[in-house]
Amino acid sequence: MTELRWSAVKSHKTFLCKLDERPTGRQARAVGGRLSRFSYDDTGFKYLFGYRLANARAATDEGVGLVVSLQAGEAMALPNASIKILMCGRAYETYSDEELSFRYLSKSPVTPLALSPNYNLSPTQNSPVLRLVAGERQFDQMRWQLVPAWEPAFTTKLSTINARSETVFESRLYRHLVVRRRCIVPLSGFYEWKKADDGKRPFKIHLRDEPIMSVAGIWDTWHPGAPEERYSFSIMTTAANEFMREIHDRMPVILDRQYEDAWLDPEIHEQEALQKLLKPCPSSWLVAAEISTLVNSPKNNTPAVLQPVAAKSS
DNA sequence: CCAGACGTTGTT
DNA sequence: GTCTGG
DNA sequence: CCAGACGTTGTT
DNA sequence: GTCTGG
């Protein structure tokens, strides 16, 4: 029997351990901790919550998954264990219809988008997106998190809120989109969380000299032509520039205004030409301010989210 | 041929 | 839908 | 990105 | 921990 002591655990939490051998129900029952909510199947496998079942079965080649919950400092004994412990975007849009139209269409809004400020744009929410339709710039509301056309429902389990610019031309999922379906996501700014000893500290990042940044994106149509037709998009990411590296090692691709036309033009297909646009913007374009953790919950959508906290050395 | 992946970020 | 792996 | 859920049987 | 939802 090997004993584990979870001294690092600060509060009640659930862990996934990986065992070389499956504990029997009796042993597992005897070890203490908070095991009252396990269930069993008829082969003696032990589960906590339904989806753990799949994890446990999938792991049989390398060991068996067992989920346990312990209080801080609680110990738990496990049989025959060389135990491995598997413990292992957000943005804001405060511009108006008018500001958006003058910035990108050089005119008043023809078909108003009826925008209201979003201080906490989160994945799966809609955002106005600029693309070229029949040669004309056009805004449409699209869902942030690209849903591939072949998904049976307008949702996906894939992590498609971002697309890595370094590999997007090789990606089975994205490569045909980056060649023909590019778009611009107009953001007032975006948020990043900086890891610190005391947890994650959120920052807002925006352009120093412009109220709106043009973020490179790709979009797709789900069930094209059908009544339930929907649009969705993904934001291109790249390595952090020197400025952003203080906060995070990745950042969105912010386009130079002179390259916006090229990025939107669906007739441009050459990878080399497009790849040149997918670079980190100059550090001098950006400013950042630490904000409160109010931003953490997507439910908080008020101007207070943008309020800087007192300056602090980092 | 069919089955299964297709993605990102961050952490160990 | 399209590609890779078995 | 973060927040929040994550389960069953039987009984009231 | 993993997964889903916003």
Side-chain angles (χ1 to χ4, degrees), chain A residues 6 8-9 12-18 34-41 46-56 58-59 65-70 83-92 118-127 143-168 170-178 187 189-195 199-205 218 220-224 232-240 247-252 291-301 305:
Chain A
W6 303 92
V9 178
H12 183 271
K13 251 192 158 177
T14 312
F15 293 93
L16 177 63
C17 305
K18 199 165 163 188
R34 296 178 164 266
L35 301 178
S36 60
R37 292 174 184 253
F38 280 118
S39 59
Y40 302 83
D41 69 8
K46 168 184 277 297
Y47 310 108
L48 182 65
F49 309 133
Y51 70 89
R52 299 291 184 190
L53 184 70
N55 288 345
L66 168 65
V67 181
V68 297
S69 298
L70 298 172
I83 296 167
K84 289 181 190 169
I85 300 152
L86 301 183
M87 278 169 68
C88 285
R90 210 156 325 181
Y92 59 100
N118 191 339
Y119 303 95
N120 208 340
L121 177 72
S122 308
T124 71
Q125 293 179 351
N126 285 338
S127 167
R143 168 197 160 106
W144 181 16
Q145 184 188 44
L146 193 137
V147 178
W150 39 260
E151 289 282 10
F154 189 60
T155 180
T156 183
K157 289 181 177 177
L158 298 176
S159 300
T160 51
I161 64 175
N162 296 134
R164 292 178 65 91
S165 57
E166 297 92 333
T167 53
V168 70
E170 282 72 53
S171 159
R172 191 165 17 198
L173 190 63
Y174 291 143
R175 63 191 172 201
H176 70 288
L177 301 176
V178 75
L187 300 179
F190 58 93
Y191 302 111
E192 296 282 7
W193 281 258
K194 175 178 178 167
K195 274 177 303 183
K200 289 183 163 188
R201 290 157 56 181
F203 290 74
K204 65 173 179 181
I205 299 100
I218 51 181
D220 202 1
T221 314
W222 179 79
H223 288 194
S232 59
F233 70 94
S234 182
I235 283 178
M236 310 287 306
T237 61
T238 185
I247 301 172
H248 198 63
D249 63 348
R250 303 289 297 171
M251 64 182 286
I291 55 172
S292 79
T293 54
L294 201 60
V295 71
N296 284 16
S297 175
K299 288 176 186 165
N300 297 325
N301 182 10
V305 167

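Hydrogens, waters and symmetry mates are skipped; everything else that's a heavy atom, side chains included, is used. Each chain gets a letter, A, B and so on, in the order the sequences are listed, and its residues count up from 1.
Applying the 4.0 Å criterion to OP1 and OP2 of B:dG7, one finds that A:T156 has every side-chain N and O outside that range. Remark: A:T237 is in phosphate contact with B:dT9, judged by side-chain N or O atoms under 4.0 Å from OP1 or OP2. Between E:dT4 and A:K157, a contact under 4.0 Å exists linking OP1 or OP2 to a side-chain N or O. At the phosphate of D:dC2, OP1 or OP2 sits under 4.0 Å from a side-chain N or O atom of A:K200. Contact check, A:R164 against B:dT8: no side-chain N or O comes under 4.0 Å of OP1 or OP2.
Across all strands, A:N120 comes closer than 4.0 Å to no nucleic acid atom at all (heavy-atom distances). Across all strands, A:L173 comes closer than 4.0 Å only to sugar-phosphate atoms, never to a base (heavy-atom distances). Using a 4.0 Å heavy-atom cutoff across all strands shown, A:S297 reaches sugar-phosphate atoms only and no base atom. In this structure, A:Y174 reaches the sugar-phosphate backbone alone: every heavy-atom distance under 4.0 Å involves primed, P, OP1 or OP2 atoms, never a base. Contacts of A:T155 with the nucleic acid, taken as non-hydrogen atoms under 4.0 Å apart, are absent. At a threshold of 4.0 angstrom between heavy atoms, the contacts of A:R143 with the nucleic acid are absent. Residue A:L146 is out of contact with every strand shown, counting any heavy-atom pair closer than 4.0 Å. As judged by a 4.0 angstrom heavy-atom cut-off over every strand, A:A91 is placed among residues making no nucleic acid contact.
Note: A:Q125 CD to A:R143 CZ = 10.5 Å, rounded to the nearest 0.5 Å.
Stacking of the aromatic ring of A:W150 onto the base of B:dC6 is found: the ring centres lie under 5.5 Å apart and the planes are inclined by under 30°.
Side-chain proximity of A:T167 to D:dC2, B:dT8, C:dC3: nearest is B:dT8.
For A:I161 against A:G89, the heavy-atom pair with the smallest separation is CD1-N, 3.5 Å. Minimum interatomic distance between A:N300 and A:V305 (heavy atoms only, all atoms of both residues): O-CG2, 3.6 Å.
Ring geometry for A:F233 versus A:W144: interplanar angle under 30°, hence parallel rather than tilted (30 to 60°).
For the pair A:R90 (side chain) and A:N296 (backbone), a donor-acceptor distance under 3.5 Å is present.
Scanning DNA chain B for stems, defined as runs of 3 or more consecutive Watson-Crick or G-U wobble pairs whose donor-acceptor distances all fall under 3.5 Å, gives the following ranges: B:1-6 with C:1-6.
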Before giving the answer on side-chain contact (heavy atoms from CB on, under 4.5 Å), spell out for A:V147 and A:H223 the whole-Å C-alpha distance, their side-chain angles and the decisive distance to 0.1 Å. CA-CA 10 Å; A:V147 178; A:H223 288 194; over 6 Å; no
Given A:I218 and A:Y174, is the side-chain contact (heavy atoms from CB on, under 4.5 Å) satisfied, shown in steps? CA-CA 8 Å; A:I218 51 181; A:Y174 291 143; 3.5 Å; yes
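With hydrogens and angles ignored, no donor-acceptor pair under 3.5 angstrom links the side chain of A:T160 to the base of B:dG7.
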